[in-house]
Amino acid sequence: MRLSRYFLPVLKETPSEAQIVSHRLMLRAGMIKQSSAGIYSWLPLGYKVLKNIETIVHEEQIRAGHIPMLMPTLQPADLWRESGRYDDYGEEMLRITDRHKRDMLYGPTNEEMITDIFRAHVGSYKDLPLTLYHIQWKFRDEIRPRFGVMRGREFLMKDGYNFDIDKDAALHAYNRHLVSYLRTYERMGLQAIPMRADSGPIGGDDTHEFLVLADTGESEVFYDSEITDLKFGDRAIDYDSVEECRAVLDEFTSRYARTDETHDEAEFAKVPEARRRTARGIEVGQIFYFGTKYSEAMGAVVDNGKGGKVPVHMGSHGIGVSRLLGAIIEASHDDKGIIWPEGVTPFHCGIVNLRQGDTATDAACAALYARITELGLEPLYDDREERAGGKFATMDLIGLPWRITVGPRGLANGLVELTSRRTGDSEEMTPEAAVSRIAEIYGKL
RNA sequence: CGGGGCGUAGCGCAGUCUGGUAGCGCAUCUGUUUUGGGAACAGAGGGUCGUAGGUUCGAAUCCUAUCGCCCCGACCA
């Protein structure tokens, strides 16, 4: 993309409504624009990152054997009356009446709706196990939205639901989700620690929250420092293997790691003192096993193959897709702006033309642009009539992980400069070498 | 919902106390000179002062109502 043709309304000054760094940077980098409290438009740059995150979530869900679909944002109130949650959910649920005076609501989650779909079409144990998920906008009418997309009222969320014949099978689904979530967050350049959590209004017996450590996190967390050394990495895993999934779960949850809701001082005291950590975390996902809570209330039963009918065992699992943008920025920025991990960056690299209009410089930039595009990567080429300082400041602000700087001075020796946004290290090299390095970084060799 | 604050140009703000026909910086547009970390000069455009009533010869300014936004708290992915 040529910056001169793009829509990137960056702000030099910080809008006064933004308090925390991710919100400020998202506004300044022209990623979002507030529409009303806790509701945002996603401008092109923000939309691109949002889609990248969404894509990673989809890929990892599908890899784990989960099936994508899409349910509506508006739901009939009757479904929620059936489960008993219409009253339980309270003021957070946005209630709407249609022209026929039917009670509707803007879904804050989808347990009821998916259970309704399930019971309409699935009747036999032979159809199990089954895990369906979707990525859809949700609405929770927070009393006080804040922190930009980290706690908006409207938010994009992946929510998935597993249906299994018994508790053991459902717990395997639970474990499988935990593994897939570890992979998902790591691909985004995040370390998200699974912590024992509280089930809240979803209800249920077993639940873990995934937290990204950041000073601005809303939850206080307590953990054994050994846990931050764990990496899921590149390991191959058979998602159908109960043992393999279980082993990963054990590995990642055996050390002490809890939010303040479930924190237990006596247990925490058993962790060697030097490894005890108290910090703050941003919740970016949660998994639940809740058994037959919804299936019993709503009659989601299957033939068990022995002449009887049993309610299915269920769990649900969420990833806060839009919230992740804020979490990633909180975890990855400096005083100049955002630093995108390669996995989610809106553009793979920037090309900065220091002398727009200079024949040789323009040609070198155009050639770089073409080569990188041919690799299947997307560069952002700053071809504006702008001074060097302004171009650098924009690139630093929007946080592209790599920048190729092209100017007459270096070009006289046949060289361009490749700069890492994260370390600030620069290296002079030929344009060909720069293209190779970019290709290598993104696994395109 | 309790407490506090703020709505004036795209963004950041002054002006409000003490009423007199709206201003500064950045951004935008034009021109000239510049050009490796947010350039300089000259000029230009842009605001029914959140909205609606009221007081007054006259309201951004005073009064009333209302809408919106932000912060602290309770609540929450």
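Just so it is clear: chains get the letters A, B, ... in the order the sequence lines come, proteins before strands, and each one is counted from 1.
For A/K391 and B/G37, the NZ to C1' distance is 13 Å, given to the nearest whole Å. Atom CD in A/E142 sits roughly 12 Å away from atom P in B/C75 (whole-Å rounding). The distance from atom CG of A/D141 to atom P of B/C1 is 11 Å, rounded to the nearest whole Å. One interatomic measurement links the two molecules: CZ of A/R151 to P of B/C76, which rounds to 9 Å at whole-angstrom precision. In this structure, CD1 of A/I143 is placed 14 Å from P of B/C71, rounded to the nearest angstrom. When rounded to the nearest whole Å, the span between CG of A/L11 and C1' of B/A9 equals 15 Å. Taking atom CD on A/E13 and atom P on B/C24, their separation rounds to 16 Å, with Å as the unit. A straight line from OH of A/Y89 to P of B/C75 spans 16 Å, rounded to a whole angstrom.
Within 3.5 Å, no donor on the side chain of A/E386 pairs with an acceptor on the base of B/G38, nor the reverse. A/R140 contributes no side-chain N or O that forms a donor-acceptor pair with the base of B/C76 under 3.5 Å. Below the 3.5 angstrom threshold, one finds no donor paired with an acceptor across the side chain of A/R144 and the base of B/G3.
If you check every strand for non-hydrogen atoms under 4.0 Å, A/E17 touches sugar and phosphate atoms only. Nucleic acid contact for A/S36: sugar-phosphate only, since backbone atoms but no base atoms lie under 4.0 Å from a heavy atom of the residue. When heavy atoms are screened at a 4.0 angstrom cut-off, A/E417 is found touching base atoms of the nucleic acid. Across all strands, A/G90 comes closer than 4.0 Å to no nucleic acid atom at all (heavy-atom distances). Residue-level contact check: A/Q356 touches neither bases nor backbone, having no heavy atom under 4.0 Å from any strand. Residue A/G390 is in base contact, counting any heavy-atom pair closer than 4.0 Å across all strands shown. In this structure, A/G357 reaches neither bases nor backbone, as no heavy-atom distance under 4.0 Å exists between it and the strands shown. Counting non-hydrogen atoms under 4.0 angstrom, A/G318 reaches nothing in the nucleic acid.
Counting only distance, with no hydrogens or angles, the side chain of A/Y86 and the backbone of A/L79 share no donor-acceptor pair below 3.5 Å. No side-chain donor-acceptor contact under 3.5 Å links A/D159 to the backbone of A/G318. Judged by distance alone, with hydrogens and angles left aside, the side-chain atoms of A/N175 form no donor-acceptor pair with the main-chain N or O of A/L249 at under 3.5 Å. Judged by distance alone, the side chain of A/R280 and the main-chain N or O of A/G217 form a donor-acceptor pair under 3.5 Å. Between the side chain of A/Y294 and the backbone N or O of A/I114 there is no donor-acceptor pair closer than 3.5 Å. Side-chain atoms of A/K391 come within 3.5 Å of backbone N or O of A/R384 as a donor-acceptor pair.
To the nearest whole angstrom, the two P atoms, one in B/C72 and one in B/U66, are 26 Å apart. Comparing B/G19 with B/C24, their P atoms sit 24 Å apart, to the nearest whole Å. Rounded to the nearest Å, the gap between the P atom of B/G47 and that of B/U32 is 28 Å. If you take atom C1' in B/U51 and the same atom in B/G4, they sit 23 Å apart, rounded to whole Å. Here, B/A14 and B/C57 have their P atoms 32 Å apart, quoted to the whole Å. Taking the C1' atoms as reference points, B/A40 lies 8 Å from B/U34, given to the whole Å. Here, B/C17 and B/C1 have their P atoms 32 Å apart, quoted to the whole Å. Here, B/U16 and B/A60 have their C1' atoms 7 Å apart, quoted to the whole Å.
Within the structure, a side-chain polar atom (N or O) of A/S16 is placed less than 4.0 Å from OP1 or OP2 of B/G12. Checking the phosphate oxygens (OP1, OP2) of B/C72, a side-chain nitrogen or oxygen of A/R146 falls inside 4.0 Å. In this structure, A/Q19 does not reach the B/C72 phosphate: none of its side-chain N or O atoms is under 4.0 Å from OP1 or OP2. For the pair A/K12 and B/C26, the criterion of a side-chain N or O lying under 4.0 Å from OP1 or OP2 is not met.
If you check B/C75 for Watson-Crick or wobble pairing at under 3.5 angstrom, you find it has no partner at all. Across all strands shown, B/G31 forms a Watson-Crick or G-U wobble pair with B/C41, both key distances being under 3.5 Å. Under the Watson-Crick and G-U wobble criteria, each requiring two contacts below 3.5 Å, nucleotide B/A14 is left unpaired. B/G68 is paired with B/C6 under the Watson-Crick or G-U wobble criterion, all donor-acceptor distances under 3.5 Å. Nucleotide B/U48 is matched to nothing when pairs are restricted to Watson-Crick or G-U wobble geometry with both distances under 3.5 angstrom. Judged by Watson-Crick or G-U wobble contacts below 3.5 Å, the nucleotide B/C62 has B/G54 as its partner.
Summarising the geometry of A/L325 relative to A/G46, their closest heavy-atom pair is CD2-O, 3.9 Å, with the distance given to 0.1 Å.
Considering only the side chain of A/R28, B/G38 comes nearest among B/C70, B/A74, B/G38. Of the listed nucleotides (B/G37, B/G36, B/G38), B/G38 has the atom at the smallest distance from the side chain of A/T394. Checked against B/C75, B/G37, B/G12, the side chain of A/A388 finds its nearest nucleotide in B/G37. Residue A/R387 has its side chain nearest to B/U35 when only B/C69, B/C26, B/U35 are considered.
Mapping A/R409 and A/G285 onto RNA chain B by nearest heavy atom places A/R409 closer to the 5' end of the strand. For the pair A/R323 and A/R403, both in contact range of RNA chain B, the more 5′-proximal nearest nucleotide belongs to A/R403.
Checking A/S332 against A/R422 by side-chain atom types alone, a donor-acceptor pair falls below 3.5 Å. In the model, A/H23 has no side-chain atom that pairs as donor or acceptor with a side-chain atom of A/R146 under 3.5 Å.
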